[in-house]
Amino acid sequence: MQAVTRKTMDNFVAGTSPIQILALTTPGVNFGSDDAFGLDTVANTLYIRGFNQTQIGVSLDGIPMGGQGFHNWNGLGVDQMEIQENISGMTMSQGAGALDTPSAQTLGGALTFSSSDPLDKAGGRVSQTFGSYKAFRTFARADSGVLNETGTKFYASYARTAQDLWKGYGDQQEHQANFKLVQPVGDRGKITAIFDYSDFIQYNYLGLTKNMWEKMGRNATYLKPNYALSKQYAGYAQNGGVPPGLEGVLTNDEIGDYAYDGTQSQRNYLSAITGEFKIFPNVTSKTIAYAHVTNGDYSGSNPFLVSPTSQVPMVNETGHPDVRRLGFTQNFNITAGKNDINTGIWYENDTFNYPMRMYEDGVNEAHNSKSAFKASEATTWYSDSFNTNTFQFYLQDTYHIIRGMTVSAGFKSLLQTTHGGTSYDATEALAAWNTYYSHPASGSLTAANAFLPHFNFDYHFLHNHEIYFDIAENMRAYDYGQQSSAGTAWGALGTSSNTAQSVFNASKKSLRPERTWNYIVGYRFNSEYISASADFYHTDYYNRLAAITSGSTSNVYGAFVNVGRETMNGADAMAVVRPIRNMEITNSFSWNDAEYQDTHLPYDGGSLNIKGKHQVYYPKFMYKANLAYHWGRASFNFNATYTSARPMTYMNDVHIPAYWTSNLNASYNFGKVGFAQNIKADFGITNLFNRNYIGGVYGAASVMGDDNANLYVAAPREFFGTISAQF
């Protein structure tokens, strides 16, 4: 378990994504993005010891938050569920996760975020940030203090973040509001109620191939506002060739990767009521009932469609996802002699709808990609609907053998059933639009395992030393999404001659949920001047699922199949040295060797064995250094991160280059001035040495070659200044 405290988070630019801070300060964690705050859900890429953000368990105050990726169908990203300043801390279980984490996608590791409680004393906080590219961020929070003899208290807060894109046209806007009320119930417990709201409206950065990045430079992005050039590129994309001057520079496929613009908007509403009570002297209960609604517009110019009225070779293609989750958790902690027994259940119903609509582009201007989405003025291409029921039970006993020595044993049972698929498809009737998808498939899939064990041994000895080991089996339920998306059992299947429904029906008989066995052994040392830790871990990954091209050369079709096993060995080492008072120097090193085992991927009418190839997108080596120093009211923080090359194809023939990046932050607390307290000035620089490197990666990897435009260039050097105060 690794913890990131509020004190550590305050060493970074206000509003920086918590998972970006986690990656900069914790071994084994890799995070990349294309904006300085790390808020772009398309480009954001999080890996923890080889597992990505859709394969780890995430919760906020015990509320399940599902995966953290783009097009989230089963949860909510941390940047949208809580304002950064209201997060009191986060913990990360890097190995096998925790049994009590309510999650149906955990294969390795879990993230737990905690929100701060209202203060006992009435007051407030405000901060204002200014920065590069017209960055403007405002945060305000008001605490009621204790209102009556029963101890009622609450806070309400608001944050607005705005910044122009650092390249191309457009900006990013985020509005967030958090409300939290705590009502003590005598000395027996408390009831907590929360309501969180967020509204993200963003122009996106363009995903690039490696060749586009190298030949066109870091500033290559969408073509907006040059509408004429966009129509020209779309014409070449549909009819072949490349524009004059780009012969031998870009391929026709890469011309098709360029588009006029791309945007996303997402509105989120999260509410929950939590009851925590001591029902007996040795028994505590925690009950959470929650509801979550998300809807949005994921919009972009499609240069392969045709607007029938204007005959412009472009169409605004917009998906309108709608997620509605209802659920509850019930946990009990029981102390009986030397035993601490934990048990509980989790149930959730999730409804996901995704209609894809097309809006015509005009002769002289494109359809607005951020508004005017009226269903009556659109043509629905297809629509997908899913309903999922999830049930989890866990039981764990921690036995205190002797002082400082514990052994834990337990298991969880997980059952998830998803019904749904394509509920409407008009591909064949829309020939005038040049539509090309036709992947309607529907049906149900169930992922179930009654016994997923977890064992742990932990021994604190000789005052400053600790050794431990952890063993666990995990299972991940099936993903689902729109019919055009690869990587799910329902999406991008079949062809016109081999229907998606027939492929789905055949796959259903052989598909099995992904499973892992995780083994961790580690050592920690902690003293006044030195803290150190070292972990070694091994993972066996079974039933690895992937979207592939299958069939004979005369009947090629999309499929979703078990592509084999993967094994992973790795180690993390970290040392924290405190040579003088108020100075802390941290160094960490991570090594990961994740290799595919006897995995055959169809390619060019045959197949390729990728046994021994390293896992795509994850670096083999990482090094992190951090220097923090506090002197009086001043503080200083410098961090640097090295990330080794990352394979971007299954054959490892193309790599994302290695890179160094650094950040610098300094602050000074002026103390009390008038009625304001802790007036503080912060100054931060991100990407200090202005490195040009690939940050986030989004999308499926190619078998070989530089074919997919899924690379996102990290933001250049940016400057930020913040003034904050408490009242």
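Residues: numbered from 1 along the sequence shown.
- For T318 and S299, the side-chain atoms include at least one donor-acceptor pair closer than 3.5 Å.
- For residues 558-568, the pairs satisfying salt bridge (Lys or Arg N to Asp or Glu O under 4.0 Å) are D540-R565, R544-E566, with sequence neighbours left out.
- You'll find the side chain of L545 reaches within 4.5 Å of the side chain of L511, heavy atoms only.
- Atoms CD1 and CG, from I288 and D61 in turn, are 7.5 Å apart once rounded to the nearest 0.5 Å.
- At a threshold of 4.5 Å between non-hydrogen side-chain atoms, the residues Q264 and V42 count as touching.
- The two residues A43 and D34 make their nearest non-hydrogen contact at CB-OD2, 3.2 Å.
- Using modelled atom types and a 3.5 Å distance limit, the side chains of N30 and Y617 yield no donor-acceptor pair.
- Within the model, atoms CG of L60 and CE of M81 stand 5.0 Å from one another, a figure rounded to the nearest 0.5 Å.
- In this structure, F304 and Y436 have perpendicular ring planes: the angle between them is above 60°, well past the 30° mark.
- For the pair L305 and M358, the minimum side-chain heavy-atom distance is below 4.5 Å.
- Ring-plane geometry between F373 and H320 is classed as perpendicular, the angle between the planes exceeding 60 degrees on a 0 to 90 degree scale with a lower cut at 30.
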For a side chain to side chain contact (heavy atoms under 4.5 Å, CB included) check, start with the C-alpha distance between R49 and I520, then their side-chain angles and the critical distance, and finish with the verdict.
CA-CA 12 Å; R49 290 184 173 176; I520 301 99; 4.2 Å; yes
Assess the residue pair Y359 and E317 against the criterion (side chain to side chain donor-acceptor pair (under 3.5 Å)); give the C-alpha distance rounded to whole Å, side-chain angles, the decisive distance to 0.1 Å, and a yes or no.
CA-CA 6 Å; Y359 302 82; E317 177 185 321; over 6 Å; no
Go through it in stages, so that I can follow the logic: the residues are T106 and N474, the test is side chain to side chain donor-acceptor pair (under 3.5 Å), and I'd like the CA-CA distance, side-chain angles, deciding distance and then a yes or no.
CA-CA 7 Å; T106 303; N474 285 321; over 6 Å; no
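- Among V616, D653, D706, the single residue meeting the side-chain contact (heavy atoms from CB on, under 4.5 Å) criterion with M648 is D706.
- For the residue pair D707 and T209, no side-chain donor N or O sits within less than 3.5 Å of a side-chain acceptor on the partner.
- Applying the salt bridge (Lys or Arg N to Asp or Glu O under 4.0 Å) rule to pairs touching residues 500-518 yields E473-R515, R476-E514, sequence neighbours excluded.
- When each of T418, N353, T351, T417 is checked for a side-chain hydrogen bond (donor to acceptor under 3.5 Å, both in side chains) with N387, only T351 meets the rule.
- No hydrogens or angles considered: a donor-acceptor pair under 3.5 Å links the side chains of S484 and Y382.
- To the nearest 0.5 Å, atoms CD1 (I694) and CG (L711) are separated by 5.0 Å.
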Please report the C-alpha distance between E348 and L326 in whole Å, then the side-chain angles of each, then the deciding distance to 0.1 Å, and finally whether the side chain to side chain contact (heavy atoms under 4.5 Å, CB included) criterion is met.
CA-CA 6 Å; E348 179 179 285; L326 289 170; over 6 Å; no
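- Taking the side chain as every heavy atom from C-beta outward, M568 and Y541 never approach each other to under 4.5 Å.
- Qualifying salt bridge (charged side-chain N to carboxylate O under 4.0 Å, His left out) partners for D253, counting only residues two or more places apart in sequence or in other chains: none.
- For I273, the CD1 atom is loosely surrounded, since the number of other residues' heavy atoms within 6.0 Å does not exceed 12.
- Residues Q483 and D425 have side chains that bring a donor and an acceptor to within less than 3.5 angstrom of each other.
- F51 has its side chain within reach of T539: a pair of non-hydrogen atoms, C-beta onward, lies under 4.5 Å apart.
- N543 and N562 form a side-chain donor-acceptor contact under 3.5 Å, judged by distance and modelled atom types alone.
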Derivation and outcome, side chain to side chain contact (heavy atoms under 4.5 Å, CB included), residues T343 and D100:
CA-CA 8 Å; T343 187; D100 61 351; over 6 Å; no
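- Checking D40 against S33 by side-chain atom types alone, no donor-acceptor pair falls below 3.5 Å.
- Listed here is the closest heavy atom pair of L452 and L414: CD1-CB, 4.4 Å.
- Judged purely by distance below 3.5 Å, without hydrogens or angles, the side chains of Y480 and D350 pair a donor atom with an acceptor atom.
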Yes or no on ring pair (Phe, Tyr, Trp, His ring centres under 6.0 Å) for Y394 and F411, after CA distance, side-chain angles and deciding distance?
CA-CA 6 Å; Y394 77 94; F411 73 97; 9.3 Å; no
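- Taken to the nearest 0.5 Å, the OH atom of Y698 stands 8.0 Å off from the OH atom of Y712.
- At a cut-off of 3.5 Å, with distance as the only test, no side-chain donor of T488 or D479 sits close to an acceptor on the other residue.
- Remark: aromatic rings of Y347 and F391 are distant, center separation not under 6.0 Å.
- S103 and Q105 are linked by a side-chain donor-acceptor pair at a separation below 3.5 angstrom, with hydrogens and angles left out of the test.
- Judged by distance alone, the side chains of D79 and S17 do bring a donor and an acceptor atom under 3.5 Å apart.
- A donor and an acceptor atom, one from each side chain of Y424 and D384, are nowhere located under 3.5 Å apart.
- The shortest non-hydrogen separation linking H439 to T422 is O-OG1, 3.8 Å.
- A 4.5 Å side-chain heavy-atom check between V293 and N295 finds at least one atom pair inside the cut-off.
- Nearest heavy atoms, I19 versus L111: CG2-CD1, 4.3 Å.
- With sequence neighbours excluded, no residue forms a salt bridge (charged side-chain N to carboxylate O under 4.0 Å, His left out) with E254.
- With values rounded to the nearest 0.5 angstrom, R325 atom CZ is found 9.5 Å from T390 atom OG1.
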Stepwise side chain to side chain contact (heavy atoms under 4.5 Å, CB included) test for Q392 and I345:
CA-CA 5 Å; Q392 177 181 291; I345 60 173; over 6 Å; no
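- Looking only at side-chain heavy atoms (C-beta outward), V58 and F113 come within less than 4.5 Å of each other.
- Closest approach of L445 to W490, counting heavy atoms only: CD1-CH2, 3.7 Å.
- The NE2 atom of H655 sits 7.5 Å away from atom OG1 of T649, with the distance rounded to the nearest 0.5 Å.
- Annotation for P321 and Y354: closest pair CB-CD1, 3.6 Å, computed over non-hydrogen atoms.
- With sequence neighbours left out, the salt bridge (charged side-chain N to carboxylate O under 4.0 Å, His left out) criterion links E360 to no other residue.
- Pairs passing the salt bridge (Lys or Arg N to Asp or Glu O under 4.0 Å) check and including a residue from residues 288-301, sequence neighbours excluded, read R267-D297.
- At a threshold of 4.5 Å between non-hydrogen side-chain atoms, the residues N592 and K620 do not count as touching.
- Ring geometry, Y519 versus H538: the interplanar angle falls from 30° to 60°, so the pair is classed tilted.
- Between the side chains of N569 and T567, no donor N or O sits under 3.5 Å from an acceptor N or O.
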